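Okay, structure first, notes after.
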Amino acid sequence: MARDHLHVVMLPWSAFGHLIPFFQLSIALAKSGIHVSFVSTPRNIQRLPKLPPSLATFIKFVEFPLPTLDNNDILPEGAEASVDVPADKLEYLKLAYDRLQYPINQFVAEQLPDWIIADFSAHWAVEIAQNYNVGFIYFVVFSAATVVFFGKPPNYFFVGDQKQAWPSPESLTSPPEWLSFPSSVAFRGYEAVWAHAGAYTEDASGISDAARFTKVVRACKALAIRSCREFEGEFLSLQEKLMGKPKEILAHPSIGGSLFHSGWGSAIEMLQFGHCLVVLPFIFDQPLNARLLVDKGVAVEVERGEDGSFSRDGIAKAVKLAMVLEEGDNLRTSAREAAAIFGDENLHQVNYIGHFVEYLKHGGSNKI
C-alpha cells in the first residue's frame with residue numbers, strides 16, 4: 001500500500017561533490033511532496049544554495065557539529081568539508097565524520113523516518129537503518145560505469161570479507177570481464193597505482209573506502225544512480241542484472257563548460273549546454289568517467305605519458321580538436337545531442353524522479 005506522507009533522511013559525505021547532488025535530490029523529492037531531513041554540519045549547510053521558499057516546509061536542515069578529535073589541531077579550524085582539508089588530512093575528516101553516527105542514531109530513533117538515503121561513506125547508517133526498521137537506499141553520485149566497474153556481486157571490492165577482489169593495481173587497467181559490450185572504461189597504469197591504494201588502504205578512521213562502499217551497497221534495498229538510460233543505458237541495464245537490485249535512476253538539471261577533470265557531477269552540469277568536453281582526469285572516479293565520455297563521443301581526453309605527465313601543447317591540441325578542427329565535428333554533434341538529454345527538465349522531474357517517488361511510496365516494492 002502506498003504511503004502518502006513520507007519522511008526521508010539524507011546523509012551525504014562531507015564533500016561538495018556529494019553535498020550538492022544530495023541537495024538537488026532533496027529539492028526534487030520535495031517538489032513531489034516528500035518531507036526531507038538533510039543532515040550535515042553547520043558550516044556545510046550554510047554554504048549550500050538557498051532553498052526555494054516554496055519548498056521550505058518540506059526540507060529541514062538538521063545541523064550536528066562535527067565531532068572533535070583527540071588531537072584538536074589535526075584538522076584546520078572550521079574545517080567541515082573536504083575542500084577545507086589538505087589531502088594528507090582527509091582521513092581525519094572521515095574519522096570525525098564517522099563520529100556523527102551517534103547524534104544521527106538518536107535523531108533516527110526519535111523521528112523514525114520511512115527511508116534513509118545515504119552516501120557510501122556513511123557505512124554505519126546500515127546498522128542504524130536495521131535497528132529501527134527504516135528503508136535504506138544508497139545514492140550513487142558517481143557514473144553508472146564506475147559502479148559497474150567495481151560492482152560484481154557478491155564481491156564488489158572483496159571476496160568474502162577480507163580478500164581483495166582487485167588484487168593489484170594492474171588488475172584495474174582493463175575493463176572487467178563481466179562487461180558484455182565493448183568499452184574502454186578502465187584505469188591507466190599511473191592512475192591504477194593510487195586508485196588501488198586509495199580504495200584499499202585502511203586509514204585513521206579504521207576502515208578503507210572499499211570497505212565502506214561494499215558494506216553500503218550490499219545492505220541497500222536499492223541504488224539511486226545519478227544518471228539516465230538515454231546516456232548510460234548499457235551500464236545501467238548491466239548494473240541491475242549484476243546486482244539484482246532496482247536503480248532508481250536520477251538525472252539532474254545542470255550548467256556547462258569545456259576543459260575539466262571529468263568528475264561526474266561536473267560532467268552532468270556541463271553537458272546541459274552541449275559543449276564538447278576536454279577531459280584531464282586525476283583522481284577517484286575521474287579516469288573511468290573520462291573513458292566513458294570519450295566512448296560516448298562527447299569528449300576528447302588530453303594525451304598523457306605513461307607516467308601521467310601532460311603538456312600545454314597536449315592541452316592545446318585537445319582543445320582545438322574539440323572546439324575548432326573539422327575532425328571534431330562528430331564530437332560537437334554528439335555533445336549537442338547530449339544536451340537534449342541532460343537539459344530535459346521533464347525527463348528529470350516527471351520521469352525519473354516521479355518513478356523514484358513511487359518506489360519510495362510503495363516501500364520499495366517492485367509493484368508500482
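What you see is a predicted model; the values in this text were computed from it and never measured.
Other residues, nucleotides and ligands place no more than 12 heavy atoms under 6.0 Å from the CG atom of N330. With a 6.0 Å radius and a threshold of 12 heavy atoms from other residues, nucleotides or ligands, F282 has its CZ atom above the threshold.
In this structure, D84 contributes its side chain and A81 its backbone to a donor-acceptor pair below 3.5 Å. For the pair T201 (side chain) and D203 (backbone), a donor-acceptor distance under 3.5 Å is absent. At least one donor-acceptor pair closer than 3.5 Å links the side chain of E232 to the backbone N or O of A145. A donor-acceptor pair under 3.5 Å is formed between the side chain of E191 and the backbone N or O of R188. When atom types are taken as modelled, the side chain of S171 and the backbone of S168 share a donor-acceptor pair closer than 3.5 angstrom. Proximity of a side-chain donor or acceptor of W115 to a complementary backbone N or O of L360 within less than 3.5 Å is detected. A donor-acceptor contact shorter than 3.5 Å is absent between the side chain of Q111 and the backbone of V108. Side chain of R332 to main chain of A322: a donor-acceptor pair is present (N/O by atom type, distance under 3.5 Å, no hydrogens or angles).
Closest heavy-atom contact between I45 and V62: CD1-O, 3.7 Å. Of all the heavy atoms in F235 and S183, the pair that sits closest is CZ-OG, 3.8 Å. Listed here is the closest heavy atom pair of V300 and A318: CG1-O, 3.5 Å. Pairing each heavy atom of G297 with each of S334, the nearest pair is O-CB, 3.1 Å. Pairing each heavy atom of N44 with each of E80, the nearest pair is ND2-O, 3.1 Å. A299 and V279 get closest at one heavy-atom pair: CB-CG1, 4.1 Å.
R291 has a carboxylate O that lies under 4.0 Å from a charged side-chain N of E301, or vice versa, which qualifies the two as a salt bridge. Taking the charged nitrogens against the carboxylate oxygens, K317 and E327 have no contact shorter than 4.0 Å, which rules out a salt bridge.
Remark: the D307 side chain and the S309 side chain contain an N/O donor-acceptor pair separated by less than 3.5 Å. Looking only at atom types and distance, the side chain of D114 has no donor-acceptor partner in the side chain of H7 under 3.5 Å away.
With a 4.5 Å cut-off on side-chain heavy atoms, F61 and L48 count as touching. Between F22 and F139, the closest side-chain pair of non-hydrogen atoms falls below 4.5 Å. For the pair Y359 and K221, the minimum side-chain heavy-atom distance is below 4.5 Å. Looking at I104 and L11, their side chains come closer than 4.5 Å, going by heavy atoms from C-beta outward. By the 4.5 Å heavy-atom criterion applied to side chains, W264 and L288 are not counted as neighbours. Annotation: side chain of I117 is in contact with side chain of L29 (closest heavy-atom distance under 4.5 Å). Contact annotation: the side chain of K89 never approaches that of L93 to less than 4.5 Å [non-hydrogen atoms, C-beta and beyond]. The side-chain heavy atoms of E91 and L95, taken from C-beta on, include no pair separated by under 4.5 Å.
To the nearest 0.5 Å, atoms CZ (R229) and CD (E234) are separated by 11.0 Å. The NE2 atom of H18 lies 10.5 Å from the CZ atom of R226; values are rounded to the nearest 0.5 Å. From S26, atom OG reaches atom CG of L51 across 8.5 Å, with rounding to the nearest 0.5 Å. For the atom pair CG (L277) and OG (S262), the distance works out to 9.5 Å, reported to the nearest 0.5 Å. To the nearest 0.5 Å, atom CD1 of residue I315 and atom CD of residue E303 are 11.5 Å apart. Note that CG of L292 and OG of S184 are 8.5 Å apart. Values are rounded to the nearest 0.5 Å.
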Exercise for review: Under the side chain to side chain contact (heavy atoms under 4.5 Å, CB included) rule, what do L321 and L331 come out as? Steps first, then yes or no, please.
Suggested key: CA-CA 9 Å; L321 176 61; L331 287 168; 4.2 Å; yes

**Study point:** side chain to side chain contact (heavy atoms under 4.5 Å, CB included) between H123 and D98, worked out
**Key:** CA-CA 9 Å; H123 64 99; D98 285 344; 3.9 Å; yes

Exercise for review: Step by step, work out the side chain to side chain contact (heavy atoms under 4.5 Å, CB included) result for L25 and I353.
Suggested key: CA-CA 9 Å; L25 177 56; I353 294 296; 4.0 Å; yes

Review point. Between R43 and E63, is a salt bridge (charged side-chain N to carboxylate O under 4.0 Å, His left out) present by the stated rule, with each step listed?
Key: CA-CA 9 Å; R43 189 159 178 252; E63 300 181 2; over 6 Å; no

Exercise for review: Just do the side chain to side chain contact (heavy atoms under 4.5 Å, CB included) check on F342 and E230 with the steps written out, would you?
Suggested key: CA-CA 9 Å; F342 288 91; E230 289 76 7; over 6 Å; no

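Taking the six-membered ring for Trp and the full ring otherwise, the centers of F120 and F213 sit at least 6.0 Å from each other. The six-membered or imidazole ring of W166 lies near that of F149, with a centre-to-centre distance under 6.0 Å. For H196 and Y200, the gap between ring centers is short of 6.0 Å. Between F284 and F142, the ring center distance fails the sub-6.0 Å criterion.
Cation-pi geometry between K296 and F231 is satisfied (NZ or CZ under 6.0 Å from the ring centre, within 45° of the ring normal).
Both V8 and F64 sit in one connected hydrophobic cluster of ILVMFWY residues. Membership requires side-chain heavy atoms under 4.5 Å apart, directly or through other members. A chain of hydrophobic side-chain contacts below 4.5 Å, direct or via other Ile, Leu, Val, Met, Phe, Trp or Tyr residues, connects W178 to F187. The hydrophobic cluster containing V278 does not contain L325, counting ILVMFWY residues as joined when their side-chain heavy atoms lie under 4.5 angstrom apart, directly or transitively. Cluster membership check: W194 shares its hydrophobic cluster with F310, using side-chain heavy-atom separations under 4.5 Å among Ile, Leu, Val, Met, Phe, Trp and Tyr. Connection of I207 to Y102 is not established within any shared hydrophobic cluster, with ILVMFWY side chains joined at heavy-atom distances below 4.5 Å, either directly or through further cluster members.
Taking the six-membered ring for Trp and thresholds of 30 and 60 degrees, F58 and H35 have ring planes inclined between 30 and 60 degrees apart.
With sequence neighbours excluded, the residues that form a ring-ring contact (aromatic ring centres under 6.0 Å, His included) with Y97 are W13, W124.
The side chain to side chain contact (heavy atoms under 4.5 Å, CB included) test with F38 singles out one residue from L19, I27, V9, and that residue is L19. When each of R99, K94, R212 is tested with S205 by the rule side-chain hydrogen bond (donor to acceptor under 3.5 Å, both in side chains), just one qualifies, namely R212.
Within the structure, side chain to side chain donor-acceptor pair (under 3.5 Å) pairs that include any residue of residues 132-145 comprise N105-Y132, S143-T146, S143-N289 (at least two apart or interchain).
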